[in-house]
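Got a structure here, written out as structure tokens. Questions coming.
We number each residue from 1, following the sequence as shown.
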Amino acid sequence: NENVLTVDDLDKDYYIDMAKKRIDKYINIDPTVARKIEKISKEVVIMATEKAAETKKAETMNVYAKLLEARKRFLETGIKKTGVNRYAEYKYFTLDEIIPVKQAIFRDLGLADFISFSAETAVLTIYDVDNPKDSVIFTSQLDRDDSMIKNPIQKVGAIQTYVRRYLYMLALDIIETDGIEKTADK
């Protein structure tokens, strides 16, 4: 094979033009890239403007309006149930799914929540951050735990986790299949 190229055989203009284009991309922005950047910048400005308007709107809402908006946003997220009750054969929302979504929505709307437990009840209080005297309260009774959990601390933790999930489901108006119906015949 006698394929030998010399410098004289190369199309020097082609390589010089290619080098100029690359230099131009670093010094000046390629028109295609410039259009894309401009489009992205407009979208970012629109998103920031919409976000500012939503924040301003949330600041003028009372706690009930904010809670209604939180419920709407939570529903719109379309989160999927990953918890599985193998005995009753149904899926359910876990706190791992509810809490991060709830936190983001509450932060955006200016809501804060606090859960407290007594011997008989669990209470979820949702506060309006802009007006802390404005709140909504959700309660759930606590009942004796007849589960087979022997460790008292684990039993308390299991009850609190279970009740927290139900309080958030109540507050955010989360609809879920009723496991009791599925276990009626078992």
message: If you apply the rule side chain to side chain contact (heavy atoms under 4.5 Å, CB included), what do you find for Arg71 with Ile174, and how did you get there?
response: CA-CA 8 Å; Arg71 288 174 171 178; Ile174 300 170; over 6 Å; no
Minimum side-chain heavy-atom gap Val136-Thr125 below 4.5 Å: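 Not in contact.
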Residues that Phe117 engages under side chain to side chain contact (heavy atoms under 4.5 Å, CB included), provided they are two or more places apart: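 For Phe117 the side chain to side chain contact (heavy atoms under 4.5 Å, CB included) partners, ignoring immediate neighbours, are Ile115, Ala122, Leu142, Gln160, Val163, Arg164.
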message: Please list all pairs meeting ring-ring contact (aromatic ring centres under 6.0 Å, His included) that have one or both residues in residues 149-174, counting only residues at least two apart or in different chains.
response: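 Those involving residues 149-174 are Tyr162-Tyr166.
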message: Suppose we screen for side chain to side chain contact (heavy atoms under 4.5 Å, CB included). Which residues come up paired with Ala171, at least two apart in sequence or across chains?
response: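 Ala171 satisfies side chain to side chain contact (heavy atoms under 4.5 Å, CB included) with Leu124, Ile126, Phe138 only.
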task: Kindly indicate whether the side chain of Val101, heavy atoms from C-beta on, has any atom under 4.5 Å from the side chain of Ile105.
output: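 Result yes, sub-4.5 Å side-chain heavy-atom pair found.
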- prompt: Under a single-linkage rule joining Ile, Leu, Val, Met, Phe, Trp and Tyr whose side-chain heavy atoms are separated by less than 4.5 Å, which residues share a cluster with Tyr127?
  reply: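 Its cluster partners, ordered by chain and number, are Phe114.
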- prompt: Are side-chain heavy atoms of Lys133 and Asp128 found at a separation under 4.5 Å?
  reply: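 Not in contact.
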message: Measuring only between side-chain heavy atoms, which start at C-beta, is Leu75 closer than 4.5 Å to Thr77?
response: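 No; the side chains remain at least 4.5 Å from each other.
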message: Which residues pass the side chain to side chain donor-acceptor pair (under 3.5 Å) test with Ser118, not counting sequence neighbours?
response: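 Side chain to side chain donor-acceptor pair (under 3.5 Å) check on Ser118 returns Thr121.
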field: Lys81 (side chain) donor-acceptor with Phe93 (main chain) under 3.5 angstrom
entry: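 Pair absent, no side-chain N/O of Lys81 close to backbone of Phe93.
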message: Please determine whether residues Ile99 and Leu170 belong to a single hydrophobic cluster, defined as Ile, Leu, Val, Met, Phe, Trp and Tyr linked transitively by side-chain heavy-atom distances below 4.5 Å.
response: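 Yes: a chain of side-chain contacts under 4.5 Å links Ile99 to Leu170.
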Side chain to side chain contact (heavy atoms under 4.5 Å, CB included) against Ala65, all qualifying residues, sequence neighbours excluded: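 Ala65 satisfies side chain to side chain contact (heavy atoms under 4.5 Å, CB included) with Met61, Asn62 once adjacent residues are dropped.
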Co-membership, hydrophobic cluster, residues Leu167 and Val156, 4.5 Å side-chain: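 Result: no, two separate clusters.
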